[in-house]
Amino acid sequence: MPELPEVETVRRSLFPLIKNRTIENVIVYFPRMIKEPDVETFKRRVRGQTFKAIERLGKHLLFKVGDLTMIVHLRMEGKFMIKAIDAPKDKHEHLRFNLSDGQALCYYDVRKFGTLHLKEANTLYTTKPLRHVAHEPISEAFDFNAFAEKLKSDRPVKAAILDQKVISGIGNIYADEILFCASIHPDTPARELSRARIKKLAECAKTILNKAVESGGTTIRTYKNALGVDGMFQLHLNVHMREGEACKKCGRTLKKKKTAGRGTYFCPTCQKKGRKT
DNA sequence: CTCCATGTTCTCTG
DNA sequence: ACAGAGAACATGGA
(Lines give C-alpha, C1' and ligand atoms only; values in the text may rest on other atoms or scores of the structure.)
Protein backbone atom coordinates (compact mmCIF):
# COMPACT_ATOMS: atom_id res chain seq x y z
CA MET A 1 0.00 0.00 0.00
CA PRO A 2 2.34 2.66 -1.11
CA GLU A 3 1.67 6.04 0.47
CA LEU A 4 3.88 9.11 0.19
CA PRO A 5 6.95 7.64 1.99
CA GLU A 6 6.88 4.42 -0.01
CA VAL A 7 6.41 6.28 -3.30
CA GLU A 8 9.25 8.63 -2.39
CA THR A 9 11.47 5.62 -1.64
CA VAL A 10 10.65 4.17 -5.04
CA ARG A 11 11.46 7.51 -6.65
CA ARG A 12 14.85 7.77 -4.96
CA SER A 13 15.92 4.18 -5.51
CA LEU A 14 14.70 3.92 -9.09
CA PHE A 15 16.01 7.12 -10.63
CA PRO A 16 19.75 6.31 -10.59
CA LEU A 17 18.96 3.11 -12.47
CA ILE A 18 17.17 4.79 -15.38
CA LYS A 19 18.73 8.25 -15.47
CA ASN A 20 19.58 9.35 -19.01
CA ARG A 21 18.60 5.96 -20.44
CA THR A 22 16.67 6.12 -23.67
CA ILE A 23 13.50 4.10 -24.19
CA GLU A 24 14.14 1.89 -27.19
CA ASN A 25 10.81 0.12 -27.10
CA VAL A 26 7.64 -0.16 -25.03
CA ILE A 27 5.70 -3.38 -24.48
CA VAL A 28 2.20 -3.12 -23.03
CA TYR A 29 0.82 -6.40 -21.70
CA PHE A 30 -2.19 -4.86 -19.94
CA PRO A 31 -3.54 -2.02 -22.10
CA ARG A 32 -6.20 -0.91 -19.60
CA MET A 33 -3.44 0.45 -17.40
CA ILE A 34 -2.73 3.21 -19.94
CA LYS A 35 -5.51 5.72 -19.31
CA GLU A 36 -4.28 8.41 -21.70
CA PRO A 37 -3.66 8.61 -24.61
CA ASP A 38 -4.63 5.43 -26.53
CA VAL A 39 -1.99 2.71 -26.31
CA GLU A 40 -0.60 3.07 -29.82
CA THR A 41 -0.17 6.83 -29.45
CA PHE A 42 1.42 6.28 -26.06
CA LYS A 43 4.01 3.86 -27.47
CA ARG A 44 4.77 6.10 -30.43
CA ARG A 45 5.32 9.20 -28.29
CA VAL A 46 7.41 7.52 -25.61
CA ARG A 47 9.70 5.52 -27.88
CA GLY A 48 13.03 7.28 -28.34
CA GLN A 49 12.57 9.55 -25.29
CA THR A 50 15.09 9.77 -22.45
CA PHE A 51 14.43 9.59 -18.68
CA LYS A 52 15.39 13.04 -17.40
CA ALA A 53 13.98 12.97 -13.87
CA ILE A 54 11.45 11.37 -11.56
CA GLU A 55 9.36 13.76 -9.52
CA ARG A 56 6.51 13.00 -7.14
CA LEU A 57 3.27 14.66 -6.08
CA GLY A 58 1.46 12.94 -3.23
CA LYS A 59 1.34 9.29 -4.23
CA HIS A 60 1.89 9.99 -7.95
CA LEU A 61 5.25 9.34 -9.62
CA LEU A 62 6.08 11.76 -12.43
CA PHE A 63 8.56 10.31 -14.91
CA LYS A 64 10.04 13.05 -17.05
CA VAL A 65 10.71 11.60 -20.52
CA GLY A 66 11.93 14.22 -22.93
CA ASP A 67 9.35 17.01 -22.73
CA LEU A 68 6.60 14.60 -21.69
CA THR A 69 5.52 13.37 -18.26
CA MET A 70 4.32 9.87 -17.44
CA ILE A 71 2.19 9.98 -14.32
CA VAL A 72 2.12 6.60 -12.60
CA HIS A 73 -0.07 5.74 -9.61
CA LEU A 74 0.85 2.45 -7.91
CA ARG A 75 -2.50 2.22 -6.12
CA MET A 76 -2.24 -0.77 -3.81
CA GLU A 77 0.45 -3.08 -5.10
CA GLY A 78 2.16 -1.52 -8.10
CA LYS A 79 5.95 -1.96 -8.23
CA PHE A 80 8.84 -1.28 -10.56
CA MET A 81 11.77 -3.60 -11.15
CA ILE A 82 14.78 -3.56 -13.45
CA LYS A 83 15.76 -6.68 -15.31
CA ALA A 84 17.60 -7.77 -18.43
CA ILE A 85 15.98 -6.74 -21.69
CA ASP A 86 15.68 -10.35 -22.87
CA ALA A 87 14.20 -11.75 -19.63
CA PRO A 88 10.86 -13.47 -20.13
CA LYS A 89 7.61 -11.82 -19.02
CA ASP A 90 6.84 -12.46 -15.37
CA LYS A 91 3.44 -13.13 -13.91
CA HIS A 92 1.74 -9.81 -13.04
CA GLU A 93 4.11 -7.86 -15.31
CA HIS A 94 1.98 -5.36 -17.22
CA LEU A 95 4.36 -2.93 -18.82
CA ARG A 96 7.96 -2.92 -19.94
CA PHE A 97 10.32 -0.20 -21.20
CA ASN A 98 13.35 -1.57 -23.00
CA LEU A 99 16.26 0.77 -22.28
CA SER A 100 19.37 1.73 -24.18
CA ASP A 101 21.68 0.03 -21.66
CA GLY A 102 20.29 -3.48 -22.21
CA GLN A 103 18.11 -3.31 -19.11
CA ALA A 104 14.32 -3.10 -18.96
CA LEU A 105 12.15 -1.09 -16.59
CA CYS A 106 9.18 -3.30 -15.70
CA TYR A 107 5.91 -2.52 -13.96
CA TYR A 108 4.18 -5.21 -11.86
CA ASP A 109 0.78 -5.09 -10.25
CA VAL A 110 -1.07 -8.08 -8.84
CA ARG A 111 -4.29 -6.08 -8.38
CA LYS A 112 -4.10 -4.33 -11.76
CA PHE A 113 -5.32 -1.09 -10.19
CA GLY A 114 -2.29 1.00 -11.09
CA THR A 115 -2.66 3.71 -13.74
CA LEU A 116 -0.50 5.62 -16.21
CA HIS A 117 -1.25 8.96 -17.90
CA LEU A 118 1.06 10.56 -20.46
CA LYS A 119 0.89 14.37 -20.40
CA GLU A 120 2.36 17.34 -22.14
CA ALA A 121 3.69 20.14 -19.95
CA ASN A 122 0.81 22.53 -20.57
CA THR A 123 -1.87 20.17 -19.21
CA LEU A 124 0.15 18.37 -16.53
CA TYR A 125 -1.36 20.10 -13.51
CA THR A 126 -4.62 21.33 -15.04
CA THR A 127 -6.15 17.97 -15.96
CA LYS A 128 -6.82 14.66 -14.26
CA PRO A 129 -5.29 13.03 -12.31
CA LEU A 130 -3.23 15.87 -10.78
CA ARG A 131 -5.78 18.66 -11.20
CA HIS A 132 -7.17 18.56 -7.66
CA VAL A 133 -4.29 17.01 -5.71
CA ALA A 134 -3.64 19.11 -2.59
CA HIS A 135 -0.22 20.05 -1.25
CA GLU A 136 1.64 17.53 0.90
CA PRO A 137 2.12 18.21 4.61
CA ILE A 138 5.90 18.00 4.07
CA SER A 139 5.88 20.49 1.19
CA GLU A 140 7.09 24.09 1.46
CA ALA A 141 3.92 25.00 -0.40
CA PHE A 142 1.65 23.45 2.24
CA ASP A 143 -0.90 26.08 3.23
CA PHE A 144 -2.22 25.65 6.76
CA ASN A 145 -5.17 28.00 6.28
CA ALA A 146 -6.26 26.20 3.12
CA PHE A 147 -6.01 22.88 4.96
CA ALA A 148 -8.08 24.16 7.87
CA GLU A 149 -10.68 25.48 5.43
CA LYS A 150 -11.00 22.09 3.73
CA LEU A 151 -11.64 20.47 7.12
CA LYS A 152 -14.93 22.33 7.43
CA SER A 153 -16.85 19.17 6.69
CA ASP A 154 -19.08 16.75 8.59
CA ARG A 155 -16.95 13.81 7.57
CA PRO A 156 -14.92 11.88 10.13
CA VAL A 157 -11.47 13.46 10.29
CA LYS A 158 -9.94 10.21 9.10
CA ALA A 159 -12.00 10.37 5.89
CA ALA A 160 -10.90 13.98 5.43
CA ILE A 161 -7.15 13.34 5.73
CA LEU A 162 -7.41 10.34 3.39
CA ASP A 163 -8.93 12.67 0.78
CA GLN A 164 -6.12 13.70 -1.59
CA LYS A 165 -7.98 16.92 -2.38
CA VAL A 166 -7.70 17.95 1.29
CA ILE A 167 -4.08 16.93 1.95
CA SER A 168 -2.02 14.61 -0.23
CA GLY A 169 0.19 11.61 0.43
CA ILE A 170 -1.64 10.07 3.37
CA GLY A 171 -3.10 6.55 3.13
CA ASN A 172 -4.61 4.17 5.65
CA ILE A 173 -1.45 3.34 7.59
CA TYR A 174 -0.20 6.89 8.11
CA ALA A 175 -3.71 8.23 8.72
CA ASP A 176 -3.95 5.99 11.79
CA GLU A 177 -0.45 6.92 12.96
CA ILE A 178 -1.02 10.65 12.45
CA LEU A 179 -4.32 10.65 14.36
CA PHE A 180 -2.71 8.74 17.23
CA CYS A 181 0.17 11.22 17.29
CA ALA A 182 -2.31 14.10 17.42
CA SER A 183 -4.51 12.36 20.06
CA ILE A 184 -7.57 12.70 17.83
CA HIS A 185 -10.32 10.08 17.61
CA PRO A 186 -10.68 9.02 13.94
CA ASP A 187 -14.47 9.47 14.02
CA THR A 188 -14.31 13.09 15.17
CA PRO A 189 -16.29 15.21 12.69
CA ALA A 190 -13.63 17.28 10.93
CA ARG A 191 -15.39 20.61 11.56
CA GLU A 192 -15.34 20.06 15.33
CA LEU A 193 -11.55 20.31 15.52
CA SER A 194 -10.23 23.48 17.08
CA ARG A 195 -7.56 25.46 15.28
CA ALA A 196 -5.01 24.26 17.83
CA ARG A 197 -5.88 20.63 17.17
CA ILE A 198 -5.70 21.16 13.40
CA LYS A 199 -2.26 22.67 13.98
CA LYS A 200 -1.25 19.57 15.91
CA LEU A 201 -2.70 17.36 13.18
CA ALA A 202 -0.66 19.11 10.46
CA GLU A 203 2.49 18.95 12.59
CA CYS A 204 2.05 15.23 13.24
CA ALA A 205 1.45 14.60 9.54
CA LYS A 206 4.67 16.39 8.68
CA THR A 207 6.73 14.70 11.39
CA ILE A 208 5.50 11.20 10.68
CA LEU A 209 5.76 11.37 6.90
CA ASN A 210 9.27 12.82 7.12
CA LYS A 211 10.35 10.14 9.56
CA ALA A 212 8.81 7.43 7.38
CA VAL A 213 10.65 8.77 4.32
CA GLU A 214 13.91 8.62 6.30
CA SER A 215 13.12 5.01 7.20
CA GLY A 216 12.51 4.08 3.57
CA GLY A 217 8.76 3.62 4.12
CA THR A 218 6.81 0.82 5.76
CA THR A 219 6.96 -2.84 4.75
CA ILE A 220 3.92 -4.85 5.72
CA ARG A 221 2.10 -7.72 4.05
CA THR A 222 3.50 -8.31 0.59
CA TYR A 223 4.47 -4.77 -0.19
CA LYS A 224 8.06 -4.19 -1.19
CA ASN A 225 9.65 -1.19 -2.79
CA ALA A 226 11.38 -1.10 -6.14
CA LEU A 227 14.20 -3.66 -6.26
CA GLY A 228 12.55 -5.54 -3.42
CA VAL A 229 14.11 -3.20 -0.86
CA ASP A 230 12.26 -3.21 2.45
CA GLY A 231 11.44 -0.04 4.36
CA MET A 232 11.82 -0.06 8.12
CA PHE A 233 9.13 2.30 9.39
CA GLN A 234 6.93 -0.63 10.50
CA LEU A 235 9.22 -0.73 13.56
CA HIS A 236 7.90 2.74 14.50
CA LEU A 237 4.19 2.04 14.01
CA ASN A 238 2.27 2.89 17.18
CA VAL A 239 -1.22 1.70 16.29
CA HIS A 240 -1.57 0.36 12.75
CA MET A 241 -1.90 -3.46 12.67
CA ARG A 242 -1.51 -3.56 16.48
CA GLU A 243 -5.08 -4.46 17.49
CA GLY A 244 -5.08 -6.10 20.95
CA GLU A 245 -1.57 -4.91 21.76
CA ALA A 246 -0.65 -2.37 24.43
CA CYS A 247 -0.69 1.35 23.65
CA LYS A 248 2.86 2.68 23.81
CA LYS A 249 1.64 5.84 25.57
CA CYS A 250 -0.88 4.58 28.15
CA GLY A 251 -0.50 0.80 28.15
CA ARG A 252 -4.15 0.08 27.48
CA THR A 253 -5.37 -2.23 24.73
CA LEU A 254 -5.50 -0.85 21.17
CA LYS A 255 -8.74 -1.33 19.25
CA LYS A 256 -9.74 -1.76 15.64
CA LYS A 257 -12.93 -0.42 14.09
CA LYS A 258 -14.25 0.66 10.72
CA THR A 259 -14.17 4.38 9.88
CA ALA A 260 -14.76 5.84 6.43
CA GLY A 261 -14.99 2.27 5.13
CA ARG A 262 -11.42 1.54 6.24
CA GLY A 263 -9.93 -0.64 8.93
CA THR A 264 -8.91 1.83 11.64
CA TYR A 265 -6.56 1.21 14.55
CA PHE A 266 -6.59 3.56 17.53
CA CYS A 267 -6.21 3.89 21.29
CA PRO A 268 -9.61 4.47 22.94
CA THR A 269 -7.88 6.13 25.90
CA CYS A 270 -5.41 8.45 24.15
CA GLN A 271 -7.81 9.30 21.31
CA LYS A 272 -11.06 10.16 23.03
CA LYS A 273 -13.89 11.75 21.10
CA GLY A 274 -14.49 15.38 21.95
CA ARG A 275 -11.11 15.75 23.62
CA LYS A 276 -9.98 19.35 23.63
CA THR A 277 -6.21 19.20 24.07
C1' DC B 1 -16.87 -21.81 -0.97
C1' DT B 2 -17.19 -16.65 1.31
C1' DC B 3 -15.22 -12.59 3.07
C1' DC B 4 -11.64 -9.15 3.55
C1' DA B 5 -8.13 -5.85 2.22
C1' DT B 6 -6.65 -1.76 -0.37
C1' DG B 7 -6.85 3.77 -3.23
C1' DT B 8 -9.36 6.03 -6.21
C1' DT B 9 -13.24 7.05 -9.06
C1' DC B 10 -17.82 6.40 -10.24
C1' DT B 11 -22.66 6.10 -8.94
C1' DC B 12 -26.36 6.40 -5.83
C1' DT B 13 -29.01 8.60 -2.07
C1' DG B 14 -30.91 12.06 0.70
C1' DA C 1 -26.59 21.09 -6.85
C1' DC C 2 -24.45 19.37 -3.05
C1' DA C 3 -22.04 16.21 0.40
C1' DG C 4 -21.30 11.95 1.81
C1' DA C 5 -21.90 6.94 1.58
C1' DG C 6 -21.20 2.90 -0.84
C1' DA C 7 -20.00 0.14 -4.94
C1' DA C 8 -16.75 -1.17 -8.24
C1' DC C 9 -12.32 -2.45 -9.73
C1' DA C 10 -8.87 -7.40 -9.19
C1' DT C 11 -7.03 -11.00 -6.92
C1' DG C 12 -4.71 -13.59 -3.31
C1' DG C 13 -5.05 -15.08 1.33
C1' DA C 14 -7.61 -16.18 5.63
Side-chain angles (χ1 to χ4, degrees), chain A residues 1-11 28-36 56-62 71-80 89-95 107-117 119 125 127-134 136-137 149-179 186-193 205 209 212 217-225 231 233-234 237 239-244 255-266:
Chain A
M1 304 103 244
E3 307 179 29
L4 186 154
E6 292 75 36
V7 177
E8 176 63 13
T9 302
V10 170
R11 189 190 74 76
V28 180
Y29 301 109
F30 183 63
R32 261 192 297 163
M33 169 176 187
I34 314 295
K35 300 298 177 186
E36 176 189 351
R56 184 186 54 69
L57 178 61
K59 305 176 193 176
H60 299 268
L61 283 168
L62 281 60
I71 308 169
V72 175
H73 197 299
L74 305 173
R75 295 292 180 100
M76 281 125 75
E77 297 199 30
K79 315 173 174 41
F80 283 101
K89 175 187 173 300
D90 286 309
K91 196 178 181 184
H92 308 309
E93 181 182 337
H94 302 319
L95 182 61
Y107 177 79
Y108 297 79
D109 192 343
V110 172
R111 290 285 176 274
K112 297 182 172 174
F113 282 180
T115 58
L116 186 155
H117 295 75
K119 297 281 184 183
Y125 293 104
T127 56
K128 283 204 284 191
L130 302 186
R131 174 83 175 86
H132 294 293
V133 177
E136 307 165 357
E149 199 58 36
K150 287 174 186 169
L151 289 179
K152 289 181 179 171
S153 140
D154 296 326
R155 287 189 292 181
V157 61
K158 173 155 176 182
I161 64 171
L162 285 171
D163 185 342
Q164 305 300 300
K165 299 188 283 299
V166 172
I167 188 167
S168 70
I170 299 170
N172 205 36
I173 296 172
Y174 296 109
D176 285 353
E177 295 301 315
I178 289 164
L179 291 170
D187 286 349
T188 309
R191 74 166 73 252
E192 289 180 12
L193 296 171
L209 291 183
T218 297
T219 306
I220 55 174
R221 301 235 181 84
T222 58
Y223 180 73
K224 288 194 180 218
N225 288 322
F233 193 73
Q234 63 276 14
L237 294 177
V239 287
H240 195 80
M241 297 289 281
R242 295 191 67 237
E243 180 184 18
K255 300 292 185 196
K256 181 182 183 184
K257 69 186 299 297
K258 207 155 191 112
T259 292
R262 292 282 172 267
T264 298
Y265 301 83
F266 71 110

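The sequence lines fix the lettering, A, B, ..., with proteins before strands; numbering per chain opens at 1. Just so we're clear, the structure is a prediction, and the values are computed from it rather than from any experiment.
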Self-check item: Distance, rounded to the nearest Å, where A:Phe113 contributes CZ and B:dC10 contributes P
Solution: 14 Å

Practice problem: Taking only the side-chain nitrogens and oxygens of A:Lys112, find out if one of them lies under 4.0 Å from OP1 or OP2 of C:dT11. | Solution: yes

Quiz item: CG of A:Leu162 versus P of B:dA5: gap in Å, rounded?
Solution: 14 Å

Quiz prompt | Neighbour count above 12 (heavy atom, 6.0 Å) for A:Lys257 NZ | solution = yes

Quiz item: Has A:His73 got a side-chain N or O lying under 4.0 Å from the OP1 or OP2 atom of B:dG7?
Solution: no

Quiz item: Are OP1 or OP2 of B:dA5 and a side-chain N or O of A:Lys258 less than 4.0 angstrom apart?
Solution: yes

Practice problem: Please tell me which of the listed nucleotides, C:dC9, B:dT8, C:dG4, lies nearest to the side chain of A:Arg75? | Solution: B:dT8

Quiz prompt | Separation of B:dT9 P from A:Glu36 CD (nearest whole Å) | solution = 13 Å

Quiz item: Looking across every strand, which nucleic acid part, if any, lies under 4.0 Å from A:Arg155 by heavy atom: base, sugar-phosphate, or nothing?
Solution: sugar-phosphate

Quiz item: So what does A:His60 hit on the nucleic acid, given a heavy-atom distance under 4.0 Å: a base, only sugar-phosphate, or nothing?
Solution: nothing

Exercise. Give one of base, sugar-phosphate or nothing for A:Lys256, where a contact means two heavy atoms less than 4.0 Å apart.
Key: sugar-phosphate

Exercise. Name the residue closer to the 5' end of DNA chain B, choosing between A:Gly261 and A:Pro129 according to the nucleotide with the nearest heavy atom.
Key: A:Gly261

Quiz prompt | Rounded distance [0.5 Å steps], CG in A:Leu151 versus CD in A:Glu192 | solution = 12.5 Å

Quiz item: Under 4.5 Å between any side-chain heavy atoms of A:Lys119 and A:Thr127, yes or no?
Solution: yes

Exercise. Answer yes or no: is there a side-chain heavy-atom contact under 4.5 Å between A:Lys79 and A:Leu74?
Key: no

Self-check item: Integer-rounded Å distance: B:dT9 P and A:Ile71 CD1
Solution: 11 Å

Self-check item: Side chain A:Arg262 and base B:dT8 donor-acceptor under 3.5 Å
Solution: yes

Quiz item: Heavy atoms under 4.0 Å, any strand shown: does A:Asp154 hit a base, just sugar-phosphate, or nothing?
Solution: sugar-phosphate

Quiz item: Are any of A:Lys128's side-chain N or O atoms less than 4.0 Å away from OP1 or OP2 of B:dC10?
Solution: yes

Quiz item: Charged N to carboxylate O under 4.0 angstrom, A:Arg56 versus A:Glu136?
Solution: yes

Exercise. Calculate the interatomic distance between A:Arg32 atom CZ and C:dA8 atom C1'; express it in whole Å.
Key: 12 Å

Practice problem: Could you check whether A:Thr115 gets within reach of a base, just the sugar-phosphate, or nothing at all, counting any heavy atom under 4.0 Å? | Solution: nothing

Practice problem: For a side-chain hydrogen bond (donor to acceptor under 3.5 Å, both in side chains) with A:Lys158, tell me which candidate from A:Asp163, A:Asn172, A:Asp187 qualifies. | Solution: A:Asn172

Practice problem: Determine the contact category for A:Lys152: base if any of its heavy atoms lies under 4.0 Å from a base atom, sugar-phosphate if only primed atoms, P, OP1 or OP2 are that close, otherwise nothing. | Solution: nothing

Quiz prompt | Atom-to-atom span, NZ of A:Lys35 to C1' of B:dC10 - whole angstrom | solution = 12 Å

Exercise. Find the distance A:Gln164:CD to B:dT9:P and express it as a whole number of Å.
Key: 9 Å

Practice problem: Between A:Arg111 and A:Ser153, just flag the one whose closest nucleotide in DNA chain C comes earlier from the 5' side. | Solution: A:Ser153

Exercise. Using atom CG of A:Asp163 as one end and atom P of B:dG7 as the other, report the distance to the nearest whole Å.
Key: 13 Å

